[in-house]
Amino acid sequence: MSQVKKQKVGKKSLLVLGSGLVVKPGVEYMAKQSTVFDRILLASRTEAKATAIAAACREAGATVPILTSELDVTKDEHAGRLADLVSQVDGVLSLLPYLFHAQVAEEAIRQGKHFFTTSYESPELKALGVKAKEKGLLMLNECGVDPGTDHMSAMRTIDEIHAKGGRVVELASFCGGLPAPDANDNPFGYKFSWAPRGVLLAAKNTATVLEDGKAVTRTGREVYSTAVRETVRGIELERFPLRDGTMFVEPYKLSGEVRKFHRGTYRYAGAWCDAIMALDSLGYLSLDVVPASANVATYLDLARHLLGVAGDADAVRAAVAKKLDIAVDHDLFKHFAFVDLFGDEAVPKDKAPLDVLCAAMEKRMQYAPGERDMIIMRHEYVCEYEDRHETVETVMNYFGVPDGDTAMARTVSWPIGIAITKLYSGEISLPPGAYRPTIPELYNPILDELSKLGVEYTDEVVSTTQK
Ligand SMILES: NC(=O)c1ccc[n+]([C@@H]2O[C@H](COP(=O)([O-])OP(=O)(O)OC[C@H]3O[C@@H](n4cnc5c(N)ncnc54)[C@H](OP(=O)(O)O)[C@@H]3O)[C@@H](O)[C@H]2O)c1
């Protein structure tokens with residue numbers, strides 16, 4: 001960090017907060033850089049998880065000491081502990097749930113420490129980034145896989161296109177974390193390594209895309225009903241937008257030139273969107289707690305309640321078919337059967353239908369031992385040059401290690417681990433301020449190192465038409 005204040009000569013230390021699903025590969029990467037780090041402090045609500053990560057890193061050959069401690073950032077009695085941990089290090093990486101980042105960032109900046117996350121820059125983090133700059137510090141957010149390497153790989157290509165005199169008039173940027181094809185064995189084409197609530201809630205959110213140069217906001221149902229089929233590396237997928245993609249037009253240096261910009265995620269083709277829309281139509285995405293007066297004890301009871309019918313499972317299936325206007329042997333019934341939606345299993349008490357559905361999915365849609373996940377990312381750029389139109393694509397498809405690191409964990413925590421290592425060692429040198437990895441000073445060294453680790457982004461011109 002040659003250009004930032006508060007330099008410490010020699011090796012540096014880092015506080016990592018959180019010991020969840022994505023943390024281990026990034027900590028292992030940094031704990032193997034013994035010329036850069038003298039210590040890593042790993043603190044989390046459940047210290048046993050931090051201790052297990054530290055042990056796994058040591059077993060994998062990491063030599064930088066990893067010291068663990070218990071810290072619950074919501075407990076008043078732990079406030080002094082957070083301040084104490086922050087005081088012992090040069091920087092703080094928050095891998096806590098995103099709601100806690102601002103609180104931690106505030107403490108880090110108050111004590112003159114750099115701050116890092118893999119999460120979206122919230123308005124609170126943006127405001128704190130200004131303070132970080134004033135104090136001569138660095139803040140780096142959105143440095144995971146998505147957000148993270150999606151920005152990096154897209155920006156590397158966009159900068160190249162601009163350098164060659166081209167204009168990007170359309171950009172589609174999609175990334176999914178899915179079961180690898182060899183582990184894709186349920187009708188939803190999806191598995192959860194965490195609680196599915198957030199994934200189901202996403203179906204109720206709007207998404208904003210740029211169409212003909214104008215921002216267009218779609219409801220959850222519109223998003224799913226307009227999902228686009230796409231084959232990437234031989235894998236048949238469906239893609240749909242998420243969140244407000246238009247907020248990246250300006251950071252991607254595409255203001256005034258891009259007319260169409262979609263940013264979102266992938267599922268396996270035909271497996272997800274139709275099923276979630278059908279479940280929504282049947283009432284399973286409702287957040288209204290089922291009243292006790294409805295006497296819902298089993299999944300079959302819940303189906304009867306939602307459909308307003310009596311009778312056995314066959315009667316319910318007939319009512320479902322009628323409501324969805326499909327045949328009783330329609331493929332969607334494979335989805336319903338897989339989660340035993342019309343079965344006799346007891347439902348969790350005092351919950352909304354969405355949470356009852358979550359419980360059924362969570363139980364059946366987990367990775368089994370030996371199964372791999374994968375990350376699949378693709379950007380498609382339609383470019384205009386003086387003499388031609390060109391379509392370029394960037395693709396990354398990375399697989400998890402059976403019984404080892406998931407692709408998700410590696411591709412989320414390696415980029416930030418690489419970034420911190422290179423900032424600490426001085427290989428990346430930035431003026432104080434808040435960043436996302438959209439600039440060459442960050443994306444080139446991080447993507448180069450990821451490539452050495454086997455996470456490859458390949459660019460290809462897929463078509464050229466002379467004007
Ligand atoms: N950019 C990307 O591509 C990307 C992708 C995925 C995730 N992320 C980000 O990565 C971060 C970590 O994700 P993850 O999947 O590892 O999350 P996770 O599995 O849910 O883990 C969260 C961790 O935070 C700890 N925690 C929760 N509440 C806490 C509290 N009050 N005080 C202290 N610790 C607390 C949990 O403790 P327990 O051990 O007690 O549960 C757990 O260790 C999140 O910020 C997420 O937004 C980024």
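We count ligands from 1, going down the list as the structure has it; atoms in each ligand are counted the same way.
- Scanning the protein for heavy atoms near atom 37 (O) of ligand 1, the closest one is S44 OG, 3.5 Å.
- A cation-pi arrangement is present between R372 and F399 under the rule of less than 6.0 angstrom and at most 45 degrees off the ring axis.
- Checking each of L17, D72, V92 against L82 for a side chain to side chain contact (heavy atoms under 4.5 Å, CB included) leaves exactly one that passes, namely L17.
- Ligand 1 has no N or O atom lying under 3.5 Å from any N or O atom of S94, backbone or side chain.
- Within the listing of ligand 1, atoms 9 (C), 45 (O), 46 (C), 47 (O) sit less than 4.0 angstrom from a heavy atom of S119.
- Between K422 and the choices Q33, E427, E441, the side-chain hydrogen bond (donor to acceptor under 3.5 Å, both in side chains) rule is met once, by E427.
- Taking the six-membered ring for Trp and thresholds of 30 and 60 degrees, H379 and Y381 have ring planes more than 60 degrees apart, a perpendicular arrangement.
- The T118 neighbourhood of ligand 1 comprises atoms 1 (N), 2 (C), 8 (N), 9 (C), 10 (O), 48 (C), with distances under 4.0 Å to a heavy atom of that residue.
- Near V73, with a cut-off below 4.0 Å to any heavy atom, the atoms of ligand 1 are 30 (C), 31 (N), 32 (N), 33 (C).
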Give the intermediate values and the outcome of ring-ring contact (aromatic ring centres under 6.0 Å, His included) for residues H151 and Y252.
CA-CA 8 Å; H151 295 333; Y252 282 12; 5.6 Å; yes

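- Ranking protein heavy atoms by distance to atom 21 (O) of ligand 1, first place goes to G20 CA, 3.2 Å.
- For D76, the CG atom counts as loosely surrounded, since its 6.0 Å shell holds 12 or fewer non-hydrogen atoms of other residues, nucleotides or ligands.
- Contacts between L71 and ligand 1 below 4.0 angstrom, taking non-hydrogen atoms only, involve the backbone exclusively.
- A perpendicular orientation is assigned to the rings of H335 and F188, their planes being inclined by more than 60° (bins at 30° and 60°).
- Remark: minimum distance from atom 5 (C) of ligand 1 to any protein heavy atom is reached at V412 CG2, 3.4 Å.
- What sits closest to atom 3 (O) of ligand 1 on the protein, heavy atoms only, is D146 N, 2.9 Å.
- Both the backbone and the side chain of R45 come within contact range of ligand 1, each with a heavy atom under 4.0 Å.
- R263 forms a cation-pi arrangement with F248, by the criterion of a distance under 6.0 Å to the ring centre and an angle within 45° of the ring axis.
- Note: an N/O pair closer than 3.5 Å links P147 and ligand 1 by distance alone.
- Looking at heavy atoms from C-beta onward, I418 lies out of side-chain contact with P445 at the 4.5 angstrom threshold.
- By heavy-atom distance, the residue among L99, L96, I375, D150 lying nearest atom 34 (N) of ligand 1 is L96.
- Applying the 4.0 Å criterion to heavy atoms of F100 picks out, from ligand 1, the atoms 28 (N), 29 (C), 30 (C), 31 (N).
- Looking at atom 12 (C) of ligand 1, its nearest protein heavy atom turns out to be L95 O, 3.1 Å.
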Go through E345 and K363 one step at a time and tell me if the salt bridge (charged side-chain N to carboxylate O under 4.0 Å, His left out) criterion holds.
CA-CA 12 Å; E345 198 179 314; K363 187 169 161 191; 3.0 Å; yes

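- Shortest contact from atom 40 (O) of ligand 1 to any protein heavy atom: T46 OG1, 2.4 Å.
- No side-chain heavy atom of T421 sits under 4.5 Å from any side-chain heavy atom of L423.
- Relative to atom 27 (C) of ligand 1, the option among A43, A48, P97 with the closest non-hydrogen atom is P97.
- Given atom 43 (O) of ligand 1, the protein heavy atom at minimum distance is S19 N, 2.8 Å.
- For the side-chain contact (heavy atoms from CB on, under 4.5 Å) test, residues two or more places apart in sequence or in another chain that qualify with S44 are S19.
- Applying the 4.0 Å criterion to heavy atoms of D72 picks out, from ligand 1, the atoms 30 (C), 31 (N), 32 (N), 33 (C).
- Between H101 and ligand 1 there is a heavy-atom distance shorter than 4.0 Å.
- Here the protein heavy atom with the shortest distance to atom 13 (O) of ligand 1 is V22 CG2, 3.7 Å.
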